[in-house]
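All remarks here apply to the structure that follows.
Quick note on labels: first sequence line is chain A, next is B, and so on, each numbered from 1. Below, all heavy atoms of this structure are taken into account, side chains as well, without hydrogens, waters or symmetry copies.
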Amino acid sequence: MNLNELLPLAVIASSLVPALLIFTLPEESVRLRTALNLFAAITKIILVGALLIGVRGGEDYAFRHTVLPGMDLVFKVDALALLFVSLSAVLWLFTTLYAIGYLEHAPNRSRFFGFFSLCVTATMGIAMAGNLFTFFIFYELLTLATFPLVVHRGTPQAMRGGTIYLAYTLVGGALLLAGIVWLHHLAGHTEFVQGGLGNALHGINPTILQAVFLLLIAGVGVKAAIVPLHGWLPQAMVAPAPVSALLHAVAVVKAGAFGVVRIVYEIYGIEFVQTLGVLLPLAVIAAITILWGSLRALFQDDLKKRLAYSTISQVSYIVLGVALFGPLGTIGGLVHLVHQGIMKITLFFCAGNFAETLGIHKVSEMDGAGRRMPLTTLAFSIGALGMMGAPLTAGAVSKAWLSDGAAAAGMDWAIWVLTASSLLNAAYFLPILYRAWFRPAPDSWPHEEIAARGWRETAWLLLLPPLFTATATIGVGIFADAAFSPLAWAQLIARREYVSLGQ
Amino acid sequence: MKRFVRWLSILALTVLAGALLLAISSLPPAPVKLAGEVAANLAVSGVSHPVTAVLLNFRGYDTFLEVAVLIIALLGMLAAGLPPPPPTGSRNAMLPTLARLAVPLMVLAAVYLLWAGAFRPGGAFQAAAVLAAAAVLLHLAEIQGPWPDNARGPRLAIAGGFLLFLAIAAALLVNGGLLRYPPEQAGLNIVLIESGLSVSLAVNLAAFFLLRAPKS
Amino acid sequence: MNLILDPLAWLILLPLLWATLAFVATDRYGPRLAIAGLVGQLLCAAMLAQDVASHGSIGHLAGGWAEPLGIRLFADGLSAVMLLLTQGVALALVLYARSYFSQATPPAFWTLTGFLIAGMNALFLSGDLFNLYVTLELVGLAAVGLVAAGGGAAQIAAALRYLLATLVGSGAYLFGVALIYGSYGTVSASLLGQLINAEAPIAVWLAAGLMLTGLLLKTALFPFHFWLPPAHGGAPAPVSALLSALVVKASFYLFLRLWLGPFAALTEAQPWLAQLPAALGASAILWGSWQAIRADRLKVLIAYSTVAQIGYLFLIFPLFGTGALALQAGILQVTAHGLAKAAMFIAAGTLIKVSGSERVLGVAGAAVHLPVTLFAFALAGVSLMGLPPSGGFLAKWLLIDAALDQGHEWIAGIAIAGGLLAGIYVFRVLRLAFRVTIADDEAAPLRPAAVLEWTALALAAASILLGLFAMPLINLLAGVTR
Amino acid sequence: MSSGLIFAATGCLLFVLGLGGVLLLKALLRRILAFNLMGSGAFLVLVGLAQRDGTPDPVPQAMVLTGIVVAVAATALALTLARRWQALTGREDIGRVGDAGSRRRSKQRERRKAPR
Amino acid sequence: MNLAFDLLLAAALLWSAWRTLATPQIGRAVILFIVFGLLLTLAWARLDAPDIALAEAAIGAGLTGALLLDAVAALRARRPNMDGDET
């Protein structure tokens, strides 16, 4: 086994092994657990860094293990995989830091961090999967690993949220499985190939292929929270804040969106999807989801619920980008995969801080929060502005590319959708900012748990992660043209995907 | 509903009976005739009675497992909880005398059956049944009390005969097969096994009657 | 090769030996004998699998007499897999039982277990229809004895019902054997495979019907499942595990053998026949899952899950087309379910032992005080739901693939729906386990012995790992001829 | 018509009769008797059908000897269970009481455990 | 002659079997079962199977019969009212 086979395995192992170790740790060994967590997160980032350099240089990293005759477990690190891998690896580090601070005195931390690491393992597997079979294995593993996190608190609401989450994701998994086996049966294999399976799909009844496409997209669409499969996401926000961050930014919805990308580009092939006539319906569904999510967000008083609906809307930007035929839209969608993650995780970190420090759970309780917690509120504002697509932020970059893509694809209506969504974003974010910065603070906070010490408004570990991700929100916007920026990487991917189409 | 199911079952059973009768009345002759094979190999089987040859040589492996079935039935009794012993003192006054007279004769008959098995009808099973009957008679006459569930003697007797069978089966693996007797020693092996078995089976069968829960 | 160390023969002799010794010895020696014996048997099974992998099938003439006069034992990939599974699961269960019964062993437990395993091994190795009848009785009566162990009214009722079912089943089987012997003059499975053809007399068709139906009764396929839930749900945990994981598989194995062997000509001549077991299997999946979803007691829930999972085994019969997919799917399901169900039953045993409640509700809060056991339960559940990565998943995948291959889409649909139903009853338990209980604040409940927790985890982990390392098993099956 | 065939036919009818008895009768002892009739029927078919041409065949005869011993073993076990069942519950049949009874008992146990 | 005897024996077997299941009293049923066993012994003799005839007499009718009688006695002893046989 050479290094190029070993490296993808090492990326998996760098969170799988710690996960298993953490499960066996006694509850009291806080230090050892923290050390293990951080060691794993940093190791993973180093490994991913090595992969980034290698892949850019044209190196192939692949691992293959035969599970059944004709069916292999394949890890393949291509540019697309790395986009997702590096996003998750970096955000995992911050989420871990945040979670350590967030759960400082909570019970059952070994279980929590064990499943936390397992989640990231599953995400890595999804990102590096070299075929749908492997993708499915880790896709379901992600469901299983997130369930204990969603119900972690064990309260009746948590139970309810967890049950709804499971109901949706298990049914989604079943649909996906049906689609995958059917495809495997039709095409003989389910390897991801740049440009799609091509010849293997020719000569098959298009109606059947459409049905399989529907099954596959519905299967991943559940996790991507595409309307009408989105019902679980607002319910799952009962989970602790680090878990919400994981669900909304690092792992779950991203896994769904990523699945859409793989299926459209590397199973069917964008051109073939177009020929089958399912690309436009996909774009329409994405547009509906974008508008519906934004509209619903407008009417939520619960802060995390508002963010959840915002996620529903934002994730479908990715799907919309994918469904816009042409490299510009693709780049927009892919870069939004990263940008949305950075921005949304900032928002959830901040929401968690408000809740943990002051007991603020509702938008209506936000009055004057900016004075008590200026740094957190600043980070929140940056994230929110990014979501709206304000200049110099990550959001602006994605939206610009998406609009260009829509224009290039001749789907001008999509531009209107994007504009409308931006306005709605502003409509549900700006009131929050206004309340936080400009309304007077109440006499007492709903439930002040962490007292301010000087300028340090809350615990260290809660404060640093959102500050960093907020900085990153601006950083990836300003330095979008730098060599390793998400945008540059998305362009690299799009180049490779469309090269195989001869464009 | 229940009555409907009942009548349906009866109908189905009647159809089955009819089909079976029809099937066996139109059966062509069997292509394989084992009786001839048995006769052809009888000379090297170690016994001259064909049924015994099948039971302990050609298909001795069946018999081996069947002894285990009998032990299992006894174990099942032990597991479920033994029935209580019958009340004492209700025996017929003639029974002890009858038993004292009959039991020696029964033992004699058993030995004869065992010995006869080699060349005429009889054998370990029939002998064991007679021996078991003798034990039950002794029990009814209250000469032999019930065996408590932890009684060692009966267990040793039952296990002993079976272990002897097992040891011979294992030892004969040197010949390349379970219970593969060398033709010249087949007779001796069969006699050994049958003697062990008749004691083991007799105690096993008798235990169905004699093994009783201790009086509370 | 040294003849006296023939692993095939010792797989039968060893358990009989230690079972008999355990019968004579006191209870103190039972566990030691069982563990020593099973380690030896596991070794034998591994050796046998090795031999089978390199030589194909292996024969052994009991008594040295060739068929049709004698009884020929034989082992191929199929028997090797069953033997490995049986010895492996039994070893873990025996380790568990030793600790589980540390206070009081049910009477005759060890010796009955030994005879039961001996019976199963003999069944997997036999190639003679009448000899198979004897092994069936061996397995059936030993299993009934184990169910009765303890002697409570519920156990006795379950044992009686089980006994009557198993006796009717083997009675029908025996009657079929009688008809077969009358028709052909032999009961050798391999000879019959050559003799029986599509023009067989009615008696043979009736015999096949009776024998196969009898075996369905013993396998507890819907609607013959009525005896299973009380028997498997009422017995002590290690016994339930043994019965659900292994014993029902023994009669399934025989069903499969007869279907593919002696009766292949009949089932190929009338392909619609294969729809019958599949239809019953589908009903079993739906009915068993439904009952598991609404079960009140934890072990009854698991027992009904067995009813449902058995259904999957019978979905393969219409799918024996040209490829090997169906057989692979069936045997993977047997193996994965065997491992997972054993793990689940003993995990449930530990949960019940600690919580003191037999109800599903008793699981509440287990995620906190019994994490290892609950994790084992969850992993086993993953395999039962057919979620990846697990043996159950691969089995389901192959089943769906085979169903599409043979144009029986409805079977694929049932397999997927069954997985979702399993999800409901598995997560019904798991989500309860995460519920915060008031008892948490009180003194922590006593911790069970480590071996109780880790044997369950080992079995569950094995069912998961099977999902990644199934090739050796598939390769073993490659040599199995129809 | 040979003796073999006559008794094989008798065996068929006995088997069906016994089967019906086991399935349809209620009393345990009766069902155990019926099982024995079933077995005897199978034995008669085994030997009778094999000897329908009039020549004795020792192979099925040996099988029947084995079968008789198995049957007596099963009968002994069944009778023990039936006696135990009657001793515990006073009943001589098993209806659906088994489940309901055990469920009720488990609930009682539950209740007893509760205050602890 | 032989044929007539066989047919008669078969009829007797079926009749005793039927009565075993149909007779209302369980004690009588067991007696009928023993009678059935003895008739079966004759049938085995007619089938040139003296080994089975011996075994049937000793085990099938004898031991099984004794087990059944034992069980009937035990069941009867425990019944609350002596008159009620099973239905």
### Flag side-chain contact, heavy atom, 4.5 Å: A/L170 against C/L387
yes
#### Entry: Part of A/L68 lying under 4.5 Å from any heavy atom of chain C
both
### Task
Name all residues meeting the side chain to side chain contact (heavy atoms under 4.5 Å, CB included) criterion together with A/M237; count only those two or more places apart in sequence or in a different chain, and write none if there are none.
A/D302, A/K304, A/K305
### Task
Tell me, for A/P69 versus chain C, whether the close heavy atoms (under 4.5 Å) come from the side chain, the backbone, both or neither.
both
#### Entry: For C/F375, all residues meeting ring pair (Phe, Tyr, Trp, His ring centres under 6.0 Å), sequence neighbours excluded
A/F23
#### Entry: Under 4.5 Å from any heavy atom of chain A - which part of C/I400
both
### Task
Sequence neighbours left out, what passes ring pair (Phe, Tyr, Trp, His ring centres under 6.0 Å) with A/F113? Give chain and number order.
none
### Task
Select one option (side chain, backbone, both, neither) describing which atoms of C/L420 are under 4.5 Å from chain A's heavy atoms.
side chain
Which donor-acceptor pairs lie under 3.5 Å between chain C and chain A?
| residue | atom | partner | partner atom | Å |
| --- | --- | --- | --- | --- |
| C/L404 | O | A/H185 | NE2 | 3.4 |
| C/R431 | NE | A/T163 | OG1 | 2.8 |
| C/R431 | NH2 | A/T163 | OG1 | 3.3 |
| C/V436 | N | A/G154 | O | 3.3 |
| C/L468 | O | A/H65 | NE2 | 2.6 |

### Message
Less than 4.5 Å to any heavy atom of chain A: does that hold for the side chain of C/L398, its backbone, both, or neither?
### Response
side chain
### Message
Taking side chain as everything from C-beta outward and backbone as N, CA, C, O, which of these in A/F138 sits under 4.5 Å from a heavy atom of chain C? Side chain, backbone, both or neither.
### Response
neither
### Task
Let me know if A/P148 has heavy atoms under 4.5 Å from chain C in its side chain, its backbone, both or neither.
both
### Query
Given a strict heavy-atom distance threshold of 4.5 Å, which part of C/A470 is in contact with chain A: side chain, backbone, both, or neither?
both
### Query
Is it the side chain or the backbone of C/L325 that comes within 4.5 Å of chain A heavy atoms, both, or neither?
neither
## Note on the structure
Turns out that what part of A/I137 lies under 4.5 Å from chain C's heavy atoms comes down to both
### Atom group of C/A378 that falls short of 4.5 Å from chain A, counting heavy atoms
neither
